[in-house]
Amino acid sequence: MVTTRIPTTPFSDQRPGTSGLRKKVTVFQQPRYVENFIQSIFDTVENKDGSTLVIGGDGRFFNESVVQTAIKMAAANGFGRVLVGQKGLLSTPAASCVIRKHKAIGGLVLSASHNPGGPDGDFGIKFNMSHGGPAPESFTEAVFRKASAITEYSIVDTPDIDLGTIGQSKVAAMTVDVIDPVADYAELMERLIDFETIAELFRSGFRMRFDALSAITGPYAKAILEGRLGAPAGTVVNGEPKPDFGGHHPDPNPVHAHDLMELMYGPDAPDFGAASDGDGDRNMIVAKGLFVTPSDSLAILTSHAHLAPGYANGLAGVARSMPTSRAADRVAAKLGINCFETPTGWKFFANLLDAGLITLCGEESAGTGSNHIREKDGLWAVLLWLNILAVTRKPADQIVREHWATFGRDYYTRHDYEELETAPANALMDALRAKLPTLPGQRFGGLTVQSCDDFAYTDPVDKSVTPKQGIRILFAEDARAVFRLSGTGTSGATLRVYLERFEPNADRHDLSTAEVLAPVVQAANDIAEIATRTGRNEPSVVT
């Protein structure tokens, strides 16, 4: 086998975002595009000679092709061993698990998460560090600098390896282990979660529906829910990963997981419903007739985590992304543990987890996790919910309502304005920032602005400062609006507007979310001039 050094020239658009480099498939299919970016990552990884690298992705279109390229480039760049999921598959949480268990130097995770797949869909590449979590900004900026000046990449000239068969082979001097993508992850779950008590719950006649949305979590859910826990066959639907996600938009929310929502709100609803996303790091929880917001889910898991073996000794603390509602804060206060508010992006949780300051963490965009890995983990969240249901033997909706009765209810919603033109979206945020000094005391939509800021985060571990992470408007009526531009899309800009209002009175916990939040929606739209500046009278998605 011959290692070849191929001359190349830079692409101008290879700056990684909060979750790596995400573009349309057609962009990644340009000659040398994948190779340039992977070489730039490898040139940034220190002490890689002879080390172990993990490679895998969510099975979307172009996944296997990039896996093969990455293996050949890893061999040419001095890695000693590659662990790759069978068929090139690894969910994002499983990749983190494998990196940590096998003490790898890091891993290439191939995914565009909850974004659509297929030939006209999206693709992504990110690098996770040796702790299993996403690379920090210092690393991704170094990758961008390398990509901006790259002149050649290295690759071994060899046939593709057989990804379909578990086993070991060689590419040049490098060992390639094709592994069962589920095994290590399932073993970890069995240490954290009380599988026997959940199995007893299923034996009692408990019914659930897990919709994998034809994405990566299907094989994991089938192996664990139907295999190890004994849930009836058919509990997992859309369980085969497909390159185009079977036409699904693999984002687990009430809009895109509409079949699950119809079932859970219908006359023959099972006891519990859940879904996960394209790469398996997000989750959606639905009780009979009740959608559980990610913010409420994090708070409820924080309150009940001690019921699972992995958290029986209590929690060190909890963290939430700034746009996530303040529900978890109230639980943390009662438990007497720390609660941290971070920017959006799992890398900010990783520092807190590594320092032992927190045990659980979550984002409003359906990502929840713990110190077991350094990624959010959709199936883990579902299993922890099942553990709680199995121990308490209470219906899921009762657990939610009891939580509201104890802590109050944070009515919450998110409005997404997708694929906006970048310039007007940036102008909207700039204009909003300019208004901040004058907003306190003004009334909008019947609400009074109490305070406002452009959220900046000082990391309590490394003392780094991350500015401009979203604009917060706090109203005197215990309501809040947050504005930020998302970095997880592949084209244009997405304006996310997060809206919440706290209601302490139990007799007002069954009101319509739209009704309760209508004044907050009006105030947010008036303050930011969304319709005028974007030309959009309605959001693309409401969750």
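Throughout, residue positions are numbered sequentially from 1 according to the sequence presented.
- The closest donor-acceptor contact from the side chain of Arg191 to the backbone of Pro309 lies at 3.5 Å or more, if one exists at all.
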For Lys376 and Phe349, what are the C-alpha separation, side-chain angles and deciding distance, and is it a side chain to side chain contact (heavy atoms under 4.5 Å, CB included)? CA-CA 10 Å; Lys376 48 195 165 218; Phe349 292 143; over 6 Å; no

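- Rounded to the nearest 0.5 angstrom, Thr217 OG1 and Asp377 CG are separated by 8.5 Å.
- Side-chain contact between Lys126 and Pro16: absent, with no pair of heavy atoms (C-beta onward) separated by less than 4.5 Å.
- Salt bridge annotation for Arg203-Glu196: present, with a cationic side-chain nitrogen under 4.0 angstrom from a carboxylate oxygen.
- Using a 4.0 Å cut-off between charged nitrogen and carboxylate oxygen, Asp211 and Arg209 do not count as a salt-bridge pair.
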Should Arg145 and Glu141 be marked as a salt bridge (Lys or Arg N to Asp or Glu O under 4.0 Å) after you check the CA-CA gap, both sets of side-chain angles, and the distance that decides it? CA-CA 6 Å; Arg145 289 194 296 272; Glu141 280 300 301; 5.0 Å; no

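- Here the side chains of Leu389 and Asp271 are not in contact, with every heavy-atom distance at 4.5 Å or above.
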Is there a salt bridge (Lys or Arg N to Asp or Glu O under 4.0 Å) between Lys72 and Asp160 once you walk through the steps? CA-CA 8 Å; Lys72 296 170 190 176; Asp160 289 351; 2.6 Å; yes

Apply side-chain hydrogen bond (donor to acceptor under 3.5 Å, both in side chains) to residues Asn283 and Thr368 and explain how you reach the verdict. CA-CA 8 Å; Asn283 70 91; Thr368 325; 3.1 Å; yes

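- Checking side-chain atoms of Ser40 against main-chain N and O of Ala147 turns up a donor-acceptor pair under 3.5 Å.
- Ion pair Asp177/Arg81 flagged as a salt bridge, since at least one NZ, NE, NH1 or NH2 atom sits closer than 4.0 Å to an Asp/Glu carboxylate oxygen.
- The closest donor-acceptor contact from the side chain of Arg536 to the backbone of Glu418 lies under 3.5 Å.
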Show your reasoning for whether side-chain hydrogen bond (donor to acceptor under 3.5 Å, both in side chains) applies to His102 and Thr52. CA-CA 8 Å; His102 296 277; Thr52 297; over 6 Å; no

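- Ring centroid separation for the pair Phe79 and Phe42 comes in under the 6.0 Å cut-off.
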Asp194 and Asn387: side-chain hydrogen bond (donor to acceptor under 3.5 Å, both in side chains), yes or no, with the steps? CA-CA 6 Å; Asp194 188 344; Asn387 200 145; 5.0 Å; no

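- Of the possible donor and acceptor atoms, none in the side chain of Glu152 sits under 3.5 Å from a partner among the backbone N and O of Ile6.
- When side chains are defined from C-beta on, Asp459 does not count as touching Thr466, because their heavy atoms never get closer than 4.5 Å.
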Does the pair Thr359 and Tyr311 meet the rule for a side-chain hydrogen bond (donor to acceptor under 3.5 Å, both in side chains), with working shown? CA-CA 8 Å; Thr359 307; Tyr311 311 96; over 6 Å; no

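- Note that OG1 of Thr344 is 9.0 Å distant from CZ of Arg496, once rounded to the nearest 0.5 Å.
- Classified by interplanar angle (parallel below 30°, tilted 30° to 60°, perpendicular above 60°), the ring pair Phe139/Phe127 is parallel.
- Within the 4.5 Å cutoff, the side chain of Pro136 has heavy atoms near those of the Met129 side chain.
- Annotation: ring-ring contact (aromatic ring centres under 6.0 Å, His included) contacts of Phe61 (sequence neighbours excluded): none.
- At a threshold of 4.0 Å, the pair Lys101-Asp184 counts as salt-bridged, since one of the basic side-chain nitrogens sits closer than that to a carboxylate oxygen.
- Here the rule is side-chain hydrogen bond (donor to acceptor under 3.5 Å, both in side chains) with Asn128, and of Arg374, Arg100, Glu375 only Glu375 fits it.
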Take Asn426 and Leu485 through the test side chain to side chain contact (heavy atoms under 4.5 Å, CB included) and record every step on the way to the result. CA-CA 8 Å; Asn426 287 331; Leu485 296 181; 3.2 Å; yes

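- Taking the side chain as every heavy atom from C-beta outward, Asp120 and Lys24 never approach each other to under 4.5 Å.
- Glu46 CD: 12 or fewer foreign heavy atoms inside a 6.0 Å radius.
- The closest donor-acceptor contact from the side chain of Arg60 to the backbone of Ala215 lies at 3.5 Å or more, if one exists at all.
- Counting heavy-atom neighbours within 6.0 Å of Lys468 NZ, excluding the residue itself, gives a total of 12 or less.
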Show, in sequence, the C-alpha distance, side-chain angles and deciding distance for Gln14 and Tyr33, and conclude whether the side chain to side chain contact (heavy atoms under 4.5 Å, CB included) test is met. CA-CA 9 Å; Gln14 292 197 333; Tyr33 196 89; 3.5 Å; yes

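- The shortest distance between side-chain heavy atoms of Leu90 and Tyr185 does not fall below 4.5 Å.
- Other residues, nucleotides and ligands contribute at most 12 non-hydrogen atoms within 6.0 Å of the CD atom of Glu137.
- How far CD of Glu190 is from CG of Leu229: 8.0 Å, rounded to the nearest 0.5 Å.
- Note: Phe206 and Phe272 have tilted aromatic rings, judged against thresholds of 30 and 60 degrees for the angle between ring planes.
- The side-chain heavy atoms of Thr197 and Leu201, taken from C-beta on, include no pair separated by under 4.5 Å.
- The one candidate from Asp281, Asp279, Ile216 that meets the side chain to side chain contact (heavy atoms under 4.5 Å, CB included) condition with Ser111 is Asp279.
- Within the 3.5 Å criterion, the main-chain N or O of Leu360 finds no donor-acceptor partner in the side chain of Ser370.
- Annotation: side chain of Met189 is not in contact with side chain of Tyr220 (no heavy-atom distance under 4.5 Å).
- Within the structure, ring pair (Phe, Tyr, Trp, His ring centres under 6.0 Å) contacts touching residues 152-181 (residues at least two apart or in different chains) do not occur.
- Between the CE atom in Met174 and the CG atom in Asn77 there is a gap of 10.0 Å [rounded to 0.5 Å].
- To the nearest 0.5 Å, atom CD1 of residue Ile125 and atom CD1 of residue Ile38 are 4.5 Å apart.
- Between the CG atom in Leu110 and the OG1 atom in Thr69 there is a gap of 10.0 Å [rounded to 0.5 Å].
- The main-chain N or O of Gly88 is found under 3.5 Å from a side-chain atom of Asn63 such that the two form a donor-acceptor pair.
- At most 12 heavy atoms of other shown residues, nucleotides or ligands fall within 6.0 angstrom of atom NZ in Lys87.
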Is there a side chain to side chain contact (heavy atoms under 4.5 Å, CB included) between Trp385 and Ser297 once you walk through the steps? CA-CA 9 Å; Trp385 261 97; Ser297 182; 2.9 Å; yes

